[in-house]
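Take a look at the structure set out below.
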Number of protein chains: 2
Amino acid sequence: MRLTTKGRYAVTAMLDLALHYDDGPITLADISQRQGISLSYLEQLFSRLRKRGLVDSTRGPGGGYRLSRNAHEIAVADVITAVDEKVETTRCGGLANCQDDQQCLTHELWSELSQQIYDFLCGISLGNLVERQGVQEVAARQRGQASSVSLSSRTTEESL
Amino acid sequence: MRLTTKGRYAVTAMLDLALHYDDGPITLADISQRQGISLSYLEQLFSRLRKRGLVDSTRGPGGGYRLSRNAHEIAVADVITAVDEKVETTRCGGLANCQDDQQCLTHELWSELSQQIYDFLCGISLGNLVERQGVQEVAARQRGQASSVSLSSRTTEESL
DNA sequence: ACAAGCCCGAGTAAAATAGTCAACTATTAA
DNA sequence: TTAATAGTTGACTATTTTACTCGGGCTTGT
Ligand code: FES
Ligand code: FES
């Protein structure tokens with residue numbers, strides 16, 4: 001499979017959006033601070049999330065991003081595939097041709113594994129996650145800390 | 001997770017070993033030809049497989065590798081972890097510390113996913129795979145083709 | 001002795017990752 | 001109308017990882 005920080009960050013950011021859905025549009029700067037993800041990197045990620053229709057954006061002051069639909073209707077798999085291309089563990093990428101244009105010995109195995117992973121990630125929505133106690137606890141902690149550590153050159157200006 | 005060609009090749013090679021278990025020790029050169037994997041690369045992989053006790057080796061002419069135990073007692077997960085280090089999808093590697101020494105929002109999710117994948121790969125043994133029709137078919141094809149394409153400088157000598 | 005085959009570690013080219021940066025456009029508040 | 005906010009885009013880069021190669025050893029059967 002291809003599960004990298006890009007996908008992980010995307011899910012984290014989307015979950016942040018889900019948690020603060022009632023606060024109106026959320027700026028990337030907010031997410032950056034709360035989740036410890038570089039603003040520039042978030043811009044890149046949200047560009048793809050928007051193209052896939054997972055989030056809506058509002059420009060100008062007071063603007064930001066919000067989920068395009070109910071958190072229960074966005075699966076983790078949707079988010080990952082939006083930024084990560086595919087959740088595929090085969091070498092051939094689905095076409096069974098990795099050994100001399102024919103199927104290799106283990107194609108079937110990886111194919112099943114991919115399906116397994118995909119099913120799992122489809123079965124969990126952002127809404128599910130929001131309801132979990134573990135997630136709630138972390139979210140509460142994040143509210144308490146305000147802006148402790150600054151991280152990007154571009155976010156450091158607004159100290160106080 | 002970290003599923004890369006290294007892990008895939010290892011499983012393929014081990015499966016080859018399982019399929020030819022009755023032929024006595026199998027040389028890496030044989031595997032290289034049948035499965036289209038570079039000999040030098042196989043040496044690297046088998047070094048780790050041997051250290052983990054998954055295969056036994058015999059040196060000298062007529063030597064080669066064989067499975068150290070019954071194919072039904074070697075899970076795919078064993079092979080992958082032998083060469084690939086870990087089947088972990090978390091960023092923190094298990095310790096929940098990826099955001100400022102504390103657990104990030106999505107730690108739980110990746111943790112569960114990792115477990116899911118691990119369970120799946122533990123549930124499938126090399127023995128299981130050998131019994132599958134799809135695998136049998138590919139194996140039969142490989143016997144028919146003899147040595148079609150040569151690949152590595154080090155394997156090219158013995159054409160005919 | 002010689003060759004087959006395993007054993008080992010260092011080295012490396014290419015690709016992927018994880019980001020950065022600068023310049024732009026749209027929107028709104030003053 | 002002007003300035004500030006915030007999204008939008010695309011190109012660019014350092015670092016890391018991957019997927020190998022290479023050269024030399026060591027063992028053992030004939
Ligand atoms: S993984 Fe699909 S053919 Fe090898
Ligand atoms: S993935 Fe474990 S703390 Fe973030």
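Worth knowing before you read on, the calculation uses all heavy atoms, side chains too, and leaves out hydrogens, waters and symmetry mates. Letters A, B, ... mirror the listed sequences (proteins, then strands); counts begin at 1.
- Not one side-chain nitrogen or oxygen of B/Tyr65 sits closer than 4.0 Å to the OP1 or OP2 atom of C/dG5.
- Considering only side-chain N and O atoms, B/Ser38 lies under 4.0 angstrom from the phosphate OP1 or OP2 of D/dT21.
- Proximity of A/Ser47 to the phosphate of D/dG7: no side-chain N or O atom is located under 4.0 Å from OP1 or OP2.
- In this entry the distance linking CG of B/Asp56 with P of C/dC7 reads 10 Å, nearest Å.
- In this structure, B/Asp84 contributes its side chain and B/Lys86 its backbone to no donor-acceptor pair below 3.5 Å.
- A side-chain N or O of B/Gln35 and one of B/Gln142 form a donor-acceptor pair less than 3.5 Å apart.
- Other residues, nucleotides and ligands place no more than 12 heavy atoms under 6.0 Å from the OH atom of A/Tyr118.
- For the OP1/OP2 pair of D/dT18 and a distance below 4.0 Å, the side-chain nitrogens and oxygens of B/Tyr41 include no atom meeting the criterion.
- Using a cutoff of 4.0 Å between basic side-chain nitrogens and carboxylate oxygens, A/Arg66 and A/Asp56 are not scored as salt-bridged.
- One can find a donor-acceptor pair under 3.5 Å joining the base of C/dT20 and the side-chain atoms of A/Gln44.
- OP1 or OP2 of D/dA6 has not a single side-chain nitrogen or oxygen of A/Thr58 nearer than 4.0 Å.
- Between the P atom of D/dT9 and the CG atom of A/Leu42 lies a distance of 16 Å, rounded to the nearest Å.
- Look at CZ on B/Arg50: it is 10 Å from C1' on C/dC8, rounded to the nearest Å.
- Note on ring orientation: taking the six-membered ring where Trp is involved, the planes of A/Phe46 and A/Tyr65 are tilted (angle from 30° to 60°).
- Contacts of B/Leu45 with the nucleic acid, taken as non-hydrogen atoms under 4.0 Å apart, are absent.
- One interatomic measurement links the two molecules: CD of B/Glu43 to P of C/dG9, which rounds to 13 Å at whole-angstrom precision.
- Heavy-atom nearest nucleotides on DNA chain C were determined for B/Leu28 and for A/Gly60, and the one closer to the 5' end corresponds to B/Leu28.
- Taking only side-chain atoms of B/Ser40, from C-beta outward, the nucleotide of D/dT8, D/dT9, D/dT21 with the closest atom is D/dT21.
- In this structure a side-chain-to-backbone donor-acceptor pair under 3.5 Å is missing from B/Thr106 to B/Leu109.
- The listed nucleotides are C/dC7, D/dC20, D/dT9; the one nearest the side chain of B/Tyr9 is D/dC20.
- Side-chain N/O atoms of A/Thr27 include none lying less than 4.0 angstrom from OP1 or OP2 on D/dG7.
- Computed from coordinates, the A/Arg59 CZ to D/dA4 C1' distance equals 15 Å when rounded to whole Å.
- The separation between A/Leu17 atom CG and D/dG7 atom P is 10 Å, rounded to whole Å.
- C/dA15 atom C1' lies 12 Å from atom CZ of A/Arg91, rounded to whole Å.
- Nearest to the side-chain atoms of A/Pro61 among the listed nucleotides C/dA18, D/dT18, C/dT28 stands C/dT28.
- Contact annotation: A/Thr5 reaches the phosphate of C/dA18 (side-chain N/O to OP1 or OP2, under 4.0 Å).
- When the P atom of C/dT17 is taken as reference, atom CZ of A/Arg48 falls 11 Å away, rounded to whole Å.
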